[in-house]
Amino acid sequence: MIDITKSGILNSFKKVEDKNFSKDLLTLNTIKNIETNDDDLIVDFSLPISQANVTEELKSKFIKAIKNDFPEVGEVTINIQAKVSAHNDQKKDSILPGVKNTVAVASGKGGVGKSTVAVNIAVALAKDGYQVGLIDADIYGPSIPLMLGIKDKPQIYQNQKTMKMIPLENYGIKLISIGLLIDDNAPVIWRGPMASGAVKQFMTDVDWGELDYLIFDMPPGTGDIQLTLVQTIPLTGAVIVTTPQELSLIDARKALKMFTRVNVPVLGIVENMSFFIAPDTGKKYDIFGSGGGEKISKELNSPFIGGIPIDPRIRKGGDSGVPIVYDIPDSDEAKIITRISRNLAEQVNLNNLKDNSKVEILLEDDE
C-alpha cells in the first residue's frame, strides 16, 4: 500500500506547466478524493476551468508529475471535474440569484469594436459549455440584437411578486437590450437617470435563470450608466477594450482607472484591430500602431488577455448577425477570440479564488 497525501499530490500537480491551465487554481480543496488499491492510485479533483481545457494531454502531465515524485506508484488514474467558480457576494446574489459571475466589457471611447468583442467572447464562452447572458447596456446605441441576429420582442409574465421579462436567445446566449423594445429607427432620447434606470431593470426585472457569466456591454466613457452598474451590484470584474494607438489608450486608461477607483477588478485588456494580414501577400500591417494594449497592461498592472486582428469577416459577422466564432470557428481570428474568452474565464477564476481564500480554513489533511 502506497503512502500518499493530498499535500503530496498538490505539490506534484503544481509542477505541471500547461498553456491552458494556471497552477494558481490548485488548492487542497480542489482535490476531492484519493483512492489507493495496492500500488495503484485514483485522484478525483475539481478545477474551475472550462471543460474544453480538460484534455488528455493535461491529464497525462498530471500523471507524469505524480510518477516522477512517487516512483513506487503503479497505475495512476486522474478524474477532473470542470466547474465554474462563483463570485460570492450577498448583494449580487439578492439581485441576480442564479448568476455566478458578472463581467463588464468597457472602453474609454467609442469606435474600438467593444460590442463586437463582447458578442464574440460571449458566444465563445457559450460554445465552451458555459451558461451565458448578455445585457446590452449601451442604451443610446444598442447594436447587440443586430450582431446576434435577434429581431423578436421579449415576452413578459407575472411571477409571485412582479412582472418579469424573458430574455431572448441565440447561439446559446440569453440577451436583453433596449433595441428589442423600441423600433429600429427610433432614437433613445433619455436623460442619464432614465438610461441608468433601464440598466437597473435589466438586472432586477429579467428572468435570467442560472448563468455562469452575465456580460454587460457597456456604453463608452465613464458616466451615469457605469456608476449605476457598479453601485447596484458588485461586479466580478471588467474587461477593457482598446485599439493600439495612443488616441485610444488615453481613454482606455481612464476607463481602467474608473473601475479601479470603484473597487472593480480589471480582469484583462483586449486589444482590438491589432494588425491586418493582407490576404493576397500575407504581409502584416500595423494600421493603428502596435503594442498599445500590452503597454497599458504593464503600465497599469492589468493582464493582457489577447489581441484581435482586423478581418473583414469579423465585421461581416456583426452585420449579418452570425458572429465569426460561430460562423467560421476554424479561422485564426475565431481561435484567437476563443483563446481570449478562456483567458478571461481563467482570470475570473483566479479573482474568485483570491476572494474565497480570505475565508477558506483548512483544518486537517487526513489523507
Side-chain angles (χ1 to χ4, degrees), residues 103-125 134-149 171 173 175 177 179 215-222 225-226 238-256 259 266-277 284-297 302-328 331-341 343-344:
V103 178
V105 178
S107 65
K109 67 186 292 100
V112 300
K114 166 187 55 62
S115 296
T116 300
V117 171
V119 164
N120 279 280
I121 284 177
V123 175
L125 287 169
L134 182 56
I135 289 180
D136 187 355
D138 194 347
I139 300 297
Y140 300 110
S143 55
I144 304 297
L146 173 65
M147 292 182 173
L148 286 177
Y171 308 116
I173 306 297
L175 169 70
S177 168
I215 296 173
F216 296 80
D217 177 42
M218 303 300 292
T222 55
I225 292 177
Q226 287 85 350
V239 173
I240 306 298
V241 180
T242 185
T243 49
Q245 79 269 37
E246 187 61 34
L247 186 64
S248 176
L249 298 178
I250 291 171
D251 294 317
R253 289 186 185 94
K254 294 176 183 176
L256 191 151
F259 283 111
V266 175
L267 301 169
I269 294 168
V270 175
E271 183 183 88
N272 197 24
M273 310 183 207
S274 290
F275 55 87
F276 174 70
I277 302 292
K284 178 182 176 182
Y285 294 91
D286 295 322
I287 296 175
F288 296 107
S290 64
E294 291 182 272
K295 176 183 175 182
I296 64 169
S297 168
S302 295
F304 179 73
I305 60 175
I308 303 171
I310 298 172
D311 190 300
R313 295 174 297 176
I314 298 177
R315 187 274 308 161
K316 183 180 178 182
D319 287 346
S320 65
V322 188
I324 189 171
V325 293
Y326 183 89
D327 190 34
I328 320 173
S331 65
D332 289 341
E333 291 72 20
K335 291 177 180 177
I336 288 171
I337 295 169
T338 298
R339 190 157 58 246
I340 288 171
S341 74
N343 289 341
L344 171 60

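What you see is a predicted model, and the numbers here were worked out from it, not measured in a lab.
Summarising the geometry of Y140 relative to P142, their closest heavy-atom pair is C-CD, 3.5 Å, with the distance given to 0.1 Å. Shortest non-hydrogen contact noted between L249 and G293 is CD2-N, 4.3 Å. Here the shortest heavy-atom pairing between G110 and P220 reads N-CB, 3.5 Å. Taking all atoms of both residues into account, the shortest heavy-atom contact from V112 to S107 is CG2-CB, 3.7 Å.
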message: Please evaluate residues S297 and E294 with respect to the criterion side-chain hydrogen bond (donor to acceptor under 3.5 Å, both in side chains), reporting the C-alpha separation (whole Å), side-chain torsions for both, the decisive distance (0.1 Å), and the verdict.
response: CA-CA 5 Å; S297 168; E294 291 182 272; over 6 Å; no
query: So S248 and T242, side-chain hydrogen bond (donor to acceptor under 3.5 Å, both in side chains) or not? Walk me through it.
result: CA-CA 6 Å; S248 176; T242 185; 2.8 Å; yes
query: Stepwise, does the side-chain contact (heavy atoms from CB on, under 4.5 Å) test hold for M218 with V105?
result: CA-CA 6 Å; M218 303 300 292; V105 178; 5.9 Å; no
side-chain contact (heavy atoms from CB on, under 4.5 Å) evaluation trace for I215 with V239: CA-CA 10 Å; I215 296 173; V239 173; over 6 Å; no
field: Pair K114-D217, side-chain contact (heavy atoms from CB on, under 4.5 Å): steps then yes or no
entry: CA-CA 8 Å; K114 166 187 55 62; D217 177 42; 2.9 Å; yes
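Between P303 and I269 there is no side-chain heavy-atom pair separated by less than 4.5 Å. Counting heavy atoms from C-beta on, the side chains of Q226 and P219 come closer than 4.5 Å. Between I287 and M273, every side-chain heavy-atom pair lies at or beyond the 4.5 Å cut-off. With a 4.5 Å cut-off on side-chain heavy atoms, S115 and I144 count as touching. Contact annotation: the side chain of D136 never approaches that of F216 to less than 4.5 Å [non-hydrogen atoms, C-beta and beyond]. Here the side chains of I250 and E246 are in contact, with some heavy-atom distance below 4.5 Å. You'll find the side chain of S302 stays beyond 4.5 Å of the side chain of I240, heavy atoms only. Side-chain atoms of V270 and F304, non-hydrogen and from C-beta on, never get closer than 4.5 Å to each other.
Within the model, atoms OG of S341 and CD1 of I305 stand 9.0 Å from one another, a figure rounded to the nearest 0.5 Å. Note that CG of L267 and CG of N343 are 11.5 Å apart. Values are rounded to the nearest 0.5 Å. The distance from the OG1 atom of T116 to the CG atom of N120 is 7.0 Å, given to the nearest 0.5 Å. With rounding to the nearest 0.5 angstrom, the CD1 atom of I310 is 5.0 Å from the CZ atom of F288. A distance of 7.0 Å separates OG of S177 from CD1 of I139, quoted to the nearest 0.5 Å.
Residue pairs meeting the side chain to side chain donor-acceptor pair (under 3.5 Å) criterion with at least one member in residues 318-328, sequence neighbours excluded: R315-D319.
In this structure, E271 contributes its side chain and G307 its backbone to no donor-acceptor pair below 3.5 Å. The backbone N or O of F275 lies less than 3.5 Å from no partner atom in the side chain of K284, so there is not a single donor-acceptor pair.
The closest side-chain donor-acceptor pair between T243 and N272, if any, does not fall under 3.5 angstrom.
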Which donor-acceptor pairs under 3.5 Å do side chains of residues 332-339 form with protein atoms, sequence neighbours excluded?
{"from": "E333", "atom 1": "OE1", "to": "R313", "atom 2": "NH2", "distance (Å)": "3.0"}
{"from": "T338", "atom 1": "OG1", "to": "A334", "atom 2": "O", "distance (Å)": "2.9"}

